[in-house]
Amino acid sequence: MLEKNYNPKDFEEKIYSDWEQSGDFIPDMSKNSEAYSVVIPPPNVTGVLHMGHALDDTLQDILIRYNRMLGKKVLWQPGTDHAGIATQMVVERNLAKEGISRHDLGRDKFIETVWKWREQSGGTICKQLRRLGASCDWSRERFTMDEGLSRAVRKIFVSLYKDGLIYKAKKLVNWDSKFMTAVSDLEVVQKETLGKMYYYKYPIEGSTNEFVHIATTRPETMFGDTAVAISKDNEKLKHLIGKNAVLPIINRPIPIIADDHADPEKGTGAVKITPAHDFNDFEVGKRHNLPLINILNEDATLNENTPFAGVDTQTARKMTIAKLEELGLMEKIEDHPMVIPYGDRSGVVIEPLMTDQWFVDAPVLAKEAIRVVEDGEMEFVPKSYEKTYFEWMRNIQPWCISRQLWWGHQMPIWYGPDGKIFCEENETEAQAEADKHYGQKVELTRETDVLDTWFSSGLWAFSTLGWPDNTEHLQTFYPTSVLVTGFDIIFFWVARMMMMSMYMMKKVPFRKAYIHGLVRDEKGQKMSKSKGNTVDPMETIEKYGADALRFFMAAMETQGRDVNMSEARIAGYRNFATKLWNAARFGEMNNCTLHPEFNPQDIKLSVNKWIMAKADIATKEVTDNLNSYRFSDAANAVYQFIWGTFCDWYIELIKPVLYGADEEAKAETRATFAWVLDRILVILHPFMPFITTELWNNTAKRDIKLIHFAWPQVKEVDIQVMSDIDWAIDLISVIRSLRAEMNLPAGARLNVFLKDVNLQSQQNLKEFKTIVCSLARLDNLDILQGEITSDMVQSVFRETSVLLPLKGVVDFAAERERLNKELESLNKNLEGYARKLDNPSFVERAPQAVVEEEKRRQAEALENKSKVESALARIANL
RNA sequence: GGGUGUGUAGCUCAGUGGUAUGAGCACUACGUUGACAUCGUAGGGGUCGCUGGUUCGAUCCCAGCCACACCCACCA
């Protein structure tokens with residue numbers, strides 16, 4: 001017995017544990033069928049589920065469940081990411097509350113603490129994914145810092161190094177002074193800021209009244225200046241080229257050089273060159289062999305190469321200006337809108353800094369990653385993201401992968417006594433290599449840097465399947481079928497996976513990349529903790545059930561668009577679940593059970609044939625749309641079928657049968673109801689796995705679980721049956737509409753007559769008279785014998801006039817108004833038809849079918865017009 | 001500066017070279033008819049951003065413009 005009310009809390013968690021405990025998410029490797037696999041974008045191990053995950057993982061689960069029902073061997077590979085900087089930050093913050101810094105603990109102790117932290121809070125997000133209904137194979141859960149995955153990291157690192165695709169270099173990198181580490185270009189966010197432009201001048205060496213005028217936004221970097229550049233085409237200033245300027249305060253002479261980097265139109269036309277602290281200046285320095293003077297410490301304070309050692313940049317800036325003022329060299333300070341780089345995690349200003357770092361030769365790896373997309377071996381959905389991908393890949397810069405952090409994969413690099421690099425998968429091998437090289441036992445020191453988090457994420461598609469071992473899962477499930485992720489990590493992750501996979505596996509990591517948008521708040525604003533507009537998916541699930549949230553995500557997911565949260569809409573989908581629940585209860589109350597010998601071929605009643613055909617059409621729509629990743633269309637098709645067709649019409653249409661006396665018809669209808677409800681549960685299951693399973697389990701004894709039930713294959717649909725029932729439905733709607741517009745009391749029983757009824761309609765009338773009378777609340781419905789009388793209101797329906805005699809009841813003014821409105825609408829349509837059909841080029845050039853259809857419409861409208869006009873004439877004086 | 005996307009009903013958005021049978025929510029009127037008030041029935045509401053072009057026909061294709069959003073680059 002189903003509960004009176006739909007209450008998802010009663011069964012969602014129970015059903016999930018049953019699936020998990022029964023191993024329903026684990027692929028049957030012995031099954032001889034097509035493989036389908038998805039790797040989950042690994043959430044941060046310390047993270048909690050947010051709406052972005054809810055969207056991403058709902059879409060994946062829909063695909064996974066759908067393909068599982070298609071009978072494929074399905075794996076959804078779960079796991080979490082160690083998220084280097086993010087996790088280290090969280091743990092350090094916790095330690096800070098106790099007044100401890102990571103340096104107090106030391107590296108080993110600190111890492112131990114992180115692992116402990118992971119034990120405690122690492123499970124949260126996976127529990128939450130279960131609550132959402134995600135059917136991952138949890139027995140295979142992986143973590144990027146697992147031994148297996150770490151081995152994959154070391155192996156690929158060594159391989160890349162030996163192929164010359166990983167190298168160490170002293171370069172200008174983005175330096176995060178909070179975490180005191182290098183970060184990659186992607187981890188830098190540019191923010192619009194209103195800053196200042198400082199104008200001042202450097203004296204020319206050997207002259208007392210000659211100066212070169214400089215404009216800069218960072219005056220404190222002057223201590224690292226090693227030249228001033230002027231364009232050779234700068235007529236006003238080119239006379240200075242070749243002379244020396246003298247850096248004030250420290251009185252160091254620097255050359256004035258000719259370089260086109262100095263745009264005569266911008267600033268003062270002369271540019272101070274600080275090769276160690278500016279990416280452009282670095283290039284200029286390279287061209288002119290300028291010395292590099294580093295003026296910053298790792299914490300972004302100035303160093304002993306400046307007069308302000310130990311002072312932070314902001315303060316040093318003020319001090320520098322003060323000094324310049326004192327020397328009479330400051331000229332002006334202007335407001336200057338500019339873009340300043342910040343660390344995406346730390347939020348501090350990123351300083352370009354010269355350091356030894358490790359790089360992946362991304363431009364080389366990008367080649368194959370570009371080719372396979374060009375060749376269609378990997379396709380983006382929607383396709384337009386290819387452009388973004390190509391644009392970035394074709395302009396890719398070397399990828400800085402070393403981080404001066406503690407939490408992460410320590411690089412498999414050892415240094416010999418003379419600094420020679422030994423890159424091997426483990427210390428023993430490195431030691432052996434070194435001993436061989438030096439001809440004696442030597443002491444090695446290990447590189448302390450760890451790898452960028454995205455390095456290990458880049459291997460995710462194959463490392464989680466067991467690589468470097470050639471496991472059964474790797475053989476079966478690689479390449480994976482589709483990757484589902486947000487556009488915001490195309491560069492961070494998708495691109496890196498493509499490069500790493502093509503390098504190591506020589507095969508794409510996934511055949512398709514389905515890219516979705518962001519989940520925003522109700523007003524389309526980006527959700528963020530600081531704005532306080534975040535919505536917690538767990539609270540939403542608590543309130544409306546996981547099915548409602550999932551259906552919302554699916555229904556809102558249209559390719560390429562962001563999803564705006566809408567609580568009202570989620571409530572609407574909860575109502576949808578309630579509707580289905582009640583429909584199932586209706587079936588239960590009326591003993592609608594599926595007979596084992598039920599054969600769709602034997603169905604006699606039109607209404608039953610009709611609903612089965614409709615079910616097939618809906619099934620086909622859901623199938624086609626899922627196959628092309630059109631989630632909202634798929635969701636809407638099943639929604640419309642269940643609510644708009646099954647509940648609104650079918651259930652109403654069969655009530656007279658179920659409450660009637662024809663036992664044979666009753667039995668057939670009960671069985672059909674059960675058959676269609678089953679079909680509904682099947683095609684809705686990927687979207688709403690919980691309620692469908694609950695109903696599946698409670699409406700019949702089942703041999704097979706819904707999660708494994710075969711997805712239906714649809715055959716041809718009987719069009720005639722469809723249009724017969726549609727005739728009845730349309731007629732009912734016309735009569736209802738007439739009643740409402742005439743303001744007739746809902747309780748009033750009426751007689752309705754039809755005039756101009758063709759043969760097909762006469763048959764329909766015979767068959768559906770009872771149903772139409774019942775649903776349109778009529779006493780009788782007949783073909784009109786004799787003339788239309790003046791008390792009849794008239795509506796036109798296809799070729800037929802619908803006549804409602806209303807002696808004494810009707811408001812004729814309202815009726816005239818209604819008819820005039822209809823006349824107006826008909827005239828408007830007729831104008832449209834005439835415009836086309838009177839146009840010779842339309843008749844000549846438009847497709848024949850379109851012209852015919854237009855003529856048919858015109859004829860019908862003309863006929864209806866004359867009917868409406870005569871109706872109007874009849875009641876003109878009443 | 002380079003690029004991408006979006007502008008359709010009050011709101012949030014689908015959709016389409018042939019009268020916009022648009023959806024959900026909101027709104028109005030009526031309603032408790034033996035699944036469901038987390039409901040039902042009926043209804044109001046749109047110059048499909050603007051201007052040109054292609055076409056027999058454009059909301060849809062093309063160009064330009066306006067507005068908004070996002071991505072990439074850029075600390076003189």
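It should be emphasised that the depicted structure is a prediction, and the values quoted were computed from it without experimental measurement. Just so we're on the same page: letters track the sequence lines, and every chain starts at 1.
Listed nucleotides B:G43, B:A69, B:C56 differ in distance to A:Pro847; the shortest reach to its side chain belongs to B:C56. The nucleotide whose nearest atom lies closest to any side-chain atom of A:Phe586 is, among B:C36, B:A35, B:A76, B:A35. The side chain of A:Ala740 sits closest to B:A42 out of B:A42, B:U55, B:C75. When distances are taken from the side chain of A:Tyr659 to each of B:C25, B:G34, B:G40, the shortest belongs to B:G34. Here B:A76 is the nucleotide among B:A76, B:A14, B:U33 with the atom lying nearest to any side-chain atom of A:Thr217. Side-chain proximity of A:Pro341 to B:C13, B:C75, B:A76: nearest is B:C75. Candidate nucleotides B:A35, B:C25, B:U33 were compared by shortest atom distance to the side chain of A:Arg777, and B:U33 ranks first. Checking B:C70, B:A14, B:C56 against every side-chain atom of A:Phe487, the shortest atom distance belongs to B:C70. Nearest nucleotide to the side chain of A:Ile651, out of B:A35, B:G40, B:A14: B:A35. For A:Asn575, taking side-chain heavy atoms from C-beta onward, the closest of the listed nucleotides B:U38, B:A35, B:C13 is B:U38.
Across all strands shown, A:Arg394 has no heavy atoms under 4.0 Å from either base or sugar-phosphate atoms. A:Ala215 comes within 4.0 angstrom of the backbone, heavy atoms only, and of no base. No contact: A:Glu588 has no heavy atom under 4.0 Å from any strand. Residue A:Thr558 is classed as a sugar-phosphate contact, given heavy-atom separations below 4.0 Å to backbone atoms only. The residue A:Asn280 sits close only to the backbone: its heavy atoms come under 4.0 Å of sugar-phosphate atoms, none of a base. Note on A:Lys579: a base of the nucleic acid sits closer than 4.0 angstrom, heavy atoms only. Using a 4.0 Å heavy-atom criterion, one finds that A:Thr216 contacts the sugar-phosphate atoms exclusively. Nucleic acid contact class of A:Ile350 (heavy atoms, under 4.0 Å, all strands): base. Heavy atoms of A:Arg585 sit under 4.0 angstrom from primed sugar atoms or phosphate atoms, though from no base atom. Among the protein residues, A:Glu652 comes within range of the nucleic acid bases, having at least one heavy atom under 4.0 Å from a base atom. Among the protein residues, A:Arg569 comes within range of the nucleic acid bases, having at least one heavy atom under 4.0 Å from a base atom. Looking at heavy-atom distances under 4.0 Å, A:His336 makes contact with sugar-phosphate atoms alone, never a base.
Between the CD1 atom of A:Ile490 and the P atom of B:C71 there is a distance of 12 Å, rounded to whole Å. Atom CZ of A:Arg574 is separated from atom C1' of B:G24 by 15 Å (rounded to the nearest Å). B:C36 atom C1' lies 13 Å from atom CG of A:Leu695, rounded to whole Å. Remark: C1' of B:G24 and CE of A:Met565 are 14 Å apart, rounded to the nearest angstrom. Whole-Å rounding puts the A:Tyr573 OH to B:C36 P distance at 24 Å. To the nearest angstrom, C1' of B:G24 lies 8 Å from CE of A:Met556. Taking atom CG on A:Asn395 and atom P on B:C71, their separation rounds to 18 Å, with Å as the unit. In this structure, A:Glu192 atom CD and B:G1 atom P are separated by 12 Å, rounded to whole Å.
Here the closest heavy-atom approach between residue A:Trp392 and residue A:Ala495 is recorded as CZ3-CB, 3.5 Å.
Going from the C1' atom of B:A26 to that of B:G10 covers 7 Å, rounded to whole Å. Straight-line distance between the C1' atoms of B:G43 and B:U38: roughly 23 Å, to the nearest whole Å. B:U59 sits 14 Å from B:A14 when the C1' atoms are compared, rounded to a whole Å. Taking atom C1' on both nucleotides, B:U4 is separated from B:U12 by 23 Å, rounded to a whole Å. Comparing the same atom, P, in B:C61 and in B:G17 gives a spacing of 8 Å after rounding to whole Å. Atom name C1', nucleotides B:A23 and B:A9: the rounded distance is 11 Å, in whole Å. Taking the P atom of each, B:A63 and B:G22 are spaced 32 Å apart, rounded to whole Å. Between B:A67 and B:G49, the distance separating the two C1' atoms is 8 Å to the nearest Å.
Taking the nucleotide of RNA chain B with the nearest heavy atom to each of A:Thr388 and A:Gly572, the more 5' of the two is matched to A:Gly572. Projected onto RNA chain B by closest heavy-atom contact, A:Gly524 and A:Asn582 fall at different nucleotides, the more 5' of which corresponds to A:Gly524.
At B:G43, one or more side-chain N or O atoms of A:Ser737 fall inside 4.0 Å of OP1 or OP2 (strictly under the cut-off). Using a 4.0 Å cut-off, some side-chain N or O of A:Lys655 falls inside it from OP1 or OP2 of B:A35. Distances shorter than 4.0 Å separate none of the side-chain N or O atoms of A:Trp649 from OP1 or OP2 on B:G40.
At least one side-chain heavy atom of A:Ile515 sits less than 4.5 Å from a side-chain heavy atom of A:Thr485. The shortest side-chain heavy-atom distance between A:Tyr200 and A:Thr216 falls under the 4.5 Å cut-off.
In a base pair of the Watson-Crick type (N1 to N3 plus N6-O4 or O6-N4) or a G-U wobble (N1-O2 and O6-N3), with each distance short of 3.5 Å, B:G34 is matched with no nucleotide. Base pairing analysis places B:G46 opposite nothing; no Watson-Crick or G-U wobble pair with both distances below 3.5 Å involves it. Shown here, B:C68 forms a base pair with B:G5; the pair counts as Watson-Crick or G-U wobble because both key distances fall under 3.5 Å. Across all strands shown, B:C74 forms no Watson-Crick or G-U wobble pair with both distances under 3.5 Å. Across all strands shown, B:A58 forms no Watson-Crick or G-U wobble pair with both distances under 3.5 Å. If you check B:A23 for Watson-Crick or wobble pairing at under 3.5 angstrom, you find it paired to B:U12.
Note on ring orientation: taking the six-membered ring where Trp is involved, the planes of A:Tyr650 and A:Phe646 are parallel (angle under 30°, cut-offs 30° and 60°).
Rounding to the nearest 0.5 angstrom, the gap separating the NZ atom in A:Lys272 from the OH atom in A:Tyr202 is 5.0 Å. With rounding to the nearest 0.5 angstrom, the CD1 atom of A:Ile617 is 14.0 Å from the CD atom of A:Gln640.
Heavy-atom contacts from other residues, nucleotides or ligands closer than 6.0 Å to CD of A:Gln525 number more than 12.
Put simply, the side chain of A:Asn533 gets close to the backbone of A:Ser528: a donor and an acceptor are under 3.5 Å apart.
The aromatic ring of A:Phe842 does not sit over the base of B:G57; the criterion of centres under 5.5 Å apart with planes under 30° is not met.
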Pair A:Tyr573, A:Tyr639 - check ring-ring contact (aromatic ring centres under 6.0 Å, His included), show working.
CA-CA 9 Å; A:Tyr573 291 125; A:Tyr639 180 98; 5.7 Å; yes

Pair A:Glu621-A:Asn625, side-chain hydrogen bond (donor to acceptor under 3.5 Å, both in side chains): steps then yes or no
CA-CA 6 Å; A:Glu621 278 174 8; A:Asn625 285 315; 5.7 Å; no

